[in-house]
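Per chain, numbering begins at 1; letters A, B, ... match sequence-line order. Hydrogens, waters and symmetry mates are skipped; everything else that's a heavy atom, side chains included, is used.
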Amino acid sequence: MARILITSAIPYINGIKHLGNLVGSQLPADAYARFMRARGNEVMFICATDEHGTPAELAAAKSGQPVDEFCAAMWQVQKDLGDGFRLSFDHFGRSSSARNHKLTQYFAGKLNDAGLIEEVTEKQVYSHADGRFLPDRYIEGTCPNCGYENARGDQCENCTKQLDPTDLINPRSAVTGSTDLEVRETRHLYLRQSQMRQKLEAWIDSKKDWPILTTSIAKKWLNDGDGLRDRGITRDLDWGVPVKDGEQDWPGMEGKVFYVWFDAPIEYIAATAEWADANNKPDADWQRWWRTDMGADDVRYVQFMGKDNVPFHTLSFPATIMGSGEPWKLVDYIKSFNFLNYDGGQFSTSQGRGVFMDQALEILPSDYWRWWLLSHVPENSDSEFTWENFQASVNKDLADVLGNFVSRVTKFCRSKFGEVVPDGGVYGAAEAEVTAEIASRLKAYETHMEAIELRKATTELRAIWVAGNEYLQKAAPWAMFKTDPDTAAATVRFALNLIRLYAVLSQPFIPDASKSMLDAMHVDSADWPDDLTAALAALPAGHTFEVPEVLFAKITDEARAEMEARFAGQV
RNA sequence: GGGCCUGUAGCUCAAUUGGUUAGAGCAGAGCGCUCAUAACGCUUUGGUUGGGGGUUCGAGUCCCUCCAGGCCUACCA
């Protein structure tokens with residue numbers, strides 16, 4: 001039994017996430033966590049909301065709420081949606097927690113002790129109307145290069161030229177439109193990542209089995225220009241972790257907070273501490289996941305994230321961990337994902353384009369989404385959601401191949417033998433054959449899940465479902481029953497056991513349907529079939545069951561057309 | 001501008017890392033079955049692997065070049 005620590009990139013607080021966000025970290029992490037638990041491993045699966053930064057403050061202001069109330073409310077919304085998608089976090093924390101405040105300040109103190117923090121005086125744009133410093137991209141104006149009038153302070157979207165906010169002609173606040181701007185001096189702390197470039201590079205180079213997407217992004221940042229640059233880790237904001245040197249005040253940093261990307265990954269650790277607090281457990285219980293001197297030396301730590309998060313997880317956070325000089329657990333494997341597009345374009349919050357988590361659950365049960373998203377997860381390149389593909393995939397895989405298998409077996413048994421596993425007959429060549437096929441496919445399924453090759457895993461799982469239909473067709477108990485009811489009984493007994501097996505194997509992807517299948521079979525043990533032959537004899541003759549409701553109703557053409565229109569967005 | 005990724009059947013994807021005749025699912029065609037959600041099974045059509053050039057006994061895989069799409073480029077997170 002192994003111990004596996006799993007973290008999903010923490011979703012930002014400022015709104016409800018769309019399916020592209022979901023499939024890029026939380027959902028695949030959940031399938032992996034469920035699989036690892038099912039195999040009998042000890043799993044700690046952590047997620048949280050990422051609550052700090054300018055966008056959170058602006059979103060709160062827009063909603064007319066104080067930022068802390070806004071975040072608390074949005075945390076609950078995201079928590080409920082996570083529950084709705086059956087995301088099996090051991091804890092869903094908040095980066096604004098007291099635990100994270102303390103740990104973030106602690107790490108900053110350790111980094112300062114190690115000489116890895118530097119104070120830098122820089123110039124920032126202050127907006128009087130907004131009453132705040134504005135990040136570069138919140139300044140808009142006319143591009144000096146191409147004349148585009150809505151260029152942002154970091155880059156012109158029209159001509160792609162990189163800009164400084166002071167380059168803009170007629171600069172204004174992107175928030176209020178105010179032109180009452182002023183360039184002020186302000187002091188900030190920088191993490192001297194450049195000091196750790198070689199150490200980080202050696203570490204990345206040692207990770208031969210990581211996805212190319214992960215290592216190529218890391219190497220780019222390590223070697224771009226003059227190499228890895230130092231990074232500002234503080235901001236002039238109200239909402240965040242106040243800058244402290246461990247427990248001490250930090251002279252000159254009064255009124256400033258740590259940069260959201262400094263405190264967000266530390267929340268992985270803090271959220272595990274929050275888990276201990278929430279369950280009345282001592283510190284030792286979370287430390288054994290994170291401190292290699294306190295029991296975490298045998299932990300395998302796997303992170304899930306979209307490609308946009310890779311630099312922070314391959315460089316900044318490891319720099320924080322390594323730089324602390326303390327034995328905190330470093331990540332062992334980083335699974336990164338490309339993006340999911342929506343029907344020929346990108347998901348867009350501002351245009352209301354695409355399907356968001358709350359809407360998805362209003363339309364269909366979570367298993368439909370989980371299955372489609374995970375069987376199309378963008379592992380190798382960006383992938384695309386279309387309603388036609390969604391309908392076809394869900395109807396064929398879930399309703400026809402799996403759902404109908406459960407229907408035909410249970411209903412046939414009920415009509416001929418009653419709702420009880422029938423006695424009589426013996427297994428023969430057909431059963432041996434399908435058992436051998438499933439054994440081989442099960443091994444492939446396990447291998448793919450262990451390697452976090454989720455698409456390949458869903459392909460094998462589906463093939464295992466198909467094997468049941470092939471077997472039934474060959475054994476044809478409906479014909480056999482007329483001449484040899486005992487042999488038909490044996491076939492049905494075997495097929496009913498296949499249903500139980502499918503429930504167990506499918507649980508990482510479609511947990512609700514899995515539960516329905518187990519309930520219908522009147523079993524509560526979902527032990528992984530390490531011994532397949534034994535697993536296929538789990539339901540003995542005489543065991544009762546009931547015919548379940550239809551597991552997956554089909555999506556009709558009319559319903560599909562309706563949804564397609566509803567989510568097309570304003571053009 | 002620079003870097004990286006992707007391009008394989010109508011669609012969504014594989015191809016044991018250079019090794020026989022490029023494979024699956026869906027869609028299409030034909031046949032079978034009648035237990036089942038008009039579901040299932042079997043058979044089958046369909047490819048100049050984006051274009052061109054090169055290395056090699058051998059290239060989807062390696063190199064060069066062109067085309068198309070995507071991502072990143074450090075103050076959004």
Side-chain angles (χ1 to χ4, degrees), chain A residues 9-14 50 52-56 58 122 124-125 133-139 152-155 159-162 164-165 174 188 193 211-213 215-217 219-221 223-225 228-232 235 259-261 264 306-312 315-316 338-339 341 346 375-376 378-384 386 388-389 392-393 395-416 453 455-456 458-459 462-463 466 468-481 488 491-492 495 547 549-554:
Chain A
I10 65 179
Y12 199 64
I13 193 72
N14 68 343
D50 179 14
H52 299 136
T54 306
L58 296 178
E122 57 189 13
Q124 280 263 312
V125 176
F133 283 95
L134 291 173
D136 291 355
R137 72 166 46 198
Y138 283 93
I139 314 291
R152 294 190 319 212
D154 57 340
Q155 185 174 39
C159 68
T160 72
K161 184 177 171 62
Q162 293 195 44
D164 197 77
H188 281 295
Q193 300 182 138
I212 292 174
L213 186 63
T215 50
S216 66
I217 293 173
K219 300 212 76 157
K220 164 69 174 165
W221 279 55
N223 299 314
D224 193 38
L228 187 62
R229 290 174 233 168
D230 295 342
R231 193 173 185 100
R235 290 290 183 275
Y259 175 44
V260 56
W261 261 113
K307 57 186 167 187
D308 51 332
N309 279 338
V310 167
F312 303 100
L315 304 168
S316 306
N338 287 283
F339 293 147
N341 290 319
Q346 296 187 333
S375 60
H376 294 79
E379 282 172 321
N380 296 318
S381 61
D382 290 354
S383 63
E384 176 161 316
T386 65
E388 194 179 358
N389 187 298
S393 188
N395 284 355
K396 195 68 195 173
D397 298 350
L398 297 182
D400 295 345
V401 176
L402 177 62
N404 182 57
F405 176 77
V406 173
S407 263
R408 65 193 298 207
V409 171
T410 54
K411 286 180 179 172
F412 179 75
C413 184
R414 180 174 63 184
S415 74
K416 305 299 183 203
E453 296 270 7
R455 271 190 191 236
K456 291 179 182 174
T458 59
T459 300
R462 193 196 121 100
V466 168
N469 283 311
E470 289 170 355
Y471 163 73
L472 266 194
Q473 192 65 32
K474 250 177 238 170
W478 48 89
M480 187 63 75
F481 183 77
T491 299
V492 170
V547 175
E549 294 293 307
V550 165
L551 284 180
F552 297 99
K554 291 203 192 192

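- For B/U37, one of the phosphate oxygens OP1 or OP2 lies less than 4.0 angstrom from a side-chain nitrogen or oxygen of A/Lys411.
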Any protein N or O atoms within reach of nucleotides 23-30 of chain B? Criterion: under 3.5 Å, listing atom names and distances.
residue, atom, partner, partner atom, Å
B/G25, O3', A/Arg462, NH2, 2.8

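- Closest contact between the side chain of A/Leu472 and the listed nucleotides B/U37, B/C35, B/G41 involves B/C35.
- Counting non-hydrogen atoms under 4.0 angstrom, A/Phe405 reaches nothing in the nucleic acid.
- Here B/A14 presents its P atom at 9 Å from CD of A/Glu453, a figure rounded to the nearest Å.
- Residue pairs satisfying the salt bridge (Lys or Arg N to Asp or Glu O under 4.0 Å) criterion with at least one member in residues 399-412 of chain A, sequence neighbours excluded, are listed as follows: A/Asp400-A/Lys554.
- You won't find any donor-acceptor pair under 3.5 Å spanning the side chain of A/Asn404 and the base of B/A39, going by distance alone.
- The separation between A/Asp382 atom CG and B/A68 atom P is 18 Å, rounded to whole Å.
- For the pair A/Phe339 CZ and B/G70 C1', the interatomic distance rounds to 10 Å; values are reported in whole Å.
- As judged by a 4.0 angstrom heavy-atom cut-off over every strand, A/Val260 is placed among residues touching the sugar-phosphate backbone only.
- Considering only residues two or more places apart in sequence or on other chains, A/Asp154 meets the salt bridge (charged side-chain N to carboxylate O under 4.0 Å, His left out) condition with A/Arg137, A/Arg152.
- Here A/Tyr471 does not reach the OP1 or OP2 of B/C40: none of its side-chain N or O atoms lies under 4.0 Å away.
- Scanning for side chain to side chain donor-acceptor pair (under 3.5 Å) contacts around A/Asp164 gives A/Thr166, with sequence neighbours left out.
- Residues that satisfy the salt bridge (charged side-chain N to carboxylate O under 4.0 Å, His left out) test with A/Glu470, not counting sequence neighbours, are absent from this structure.
- B/C76 atom P lies 14 Å from atom CG of A/Asp50, rounded to whole Å.
- At the phosphate of B/A74, neither OP1 nor OP2 sits under 4.0 Å from any side-chain N or O atom of A/Lys220.
- Taken together, the paired segments of RNA chain B that extend over three or more consecutive Watson-Crick or G-U pairs, each closer than 3.5 Å at both contacts, are B:1-7 with B:67-73, B:10-13 with B:23-26, B:28-32 with B:40-44, B:50-54 with B:62-66.
- B/C13 atom C1' lies 11 Å from atom CD of A/Glu379, rounded to whole Å.
- Under the side chain to side chain donor-acceptor pair (under 3.5 Å) criterion, A/Ser316 pairs with A/Gln193, not counting sequence neighbours.
- Protein atom CZ of A/Arg235 is 13 Å distant from nucleotide atom P of B/A74, rounded to whole Å.
- Every residue two or more places apart in sequence or in another chain that forms a salt bridge (charged side-chain N to carboxylate O under 4.0 Å, His left out) with A/Lys307 is listed here: A/Asp382.
- Donor-acceptor pairing under 3.5 Å, judged by distance alone, is absent between the side chain of A/Arg408 and the base of B/A39.
- As a whole-Å value, the separation of A/Lys219 NZ from B/C72 C1' is 17 Å.
- Distance, A/Trp478 CH2 to B/G41 C1': 9 Å, rounded to whole Å.
- Counting heavy atoms of neighbouring residues, nucleotides and ligands inside a 6.0 Å radius, atom CD of A/Glu388 does not exceed 12 of them.
- Evaluation of the salt bridge (charged side-chain N to carboxylate O under 4.0 Å, His left out) rule for A/Lys474 yields A/Glu433 as partners, not counting sequence neighbours.
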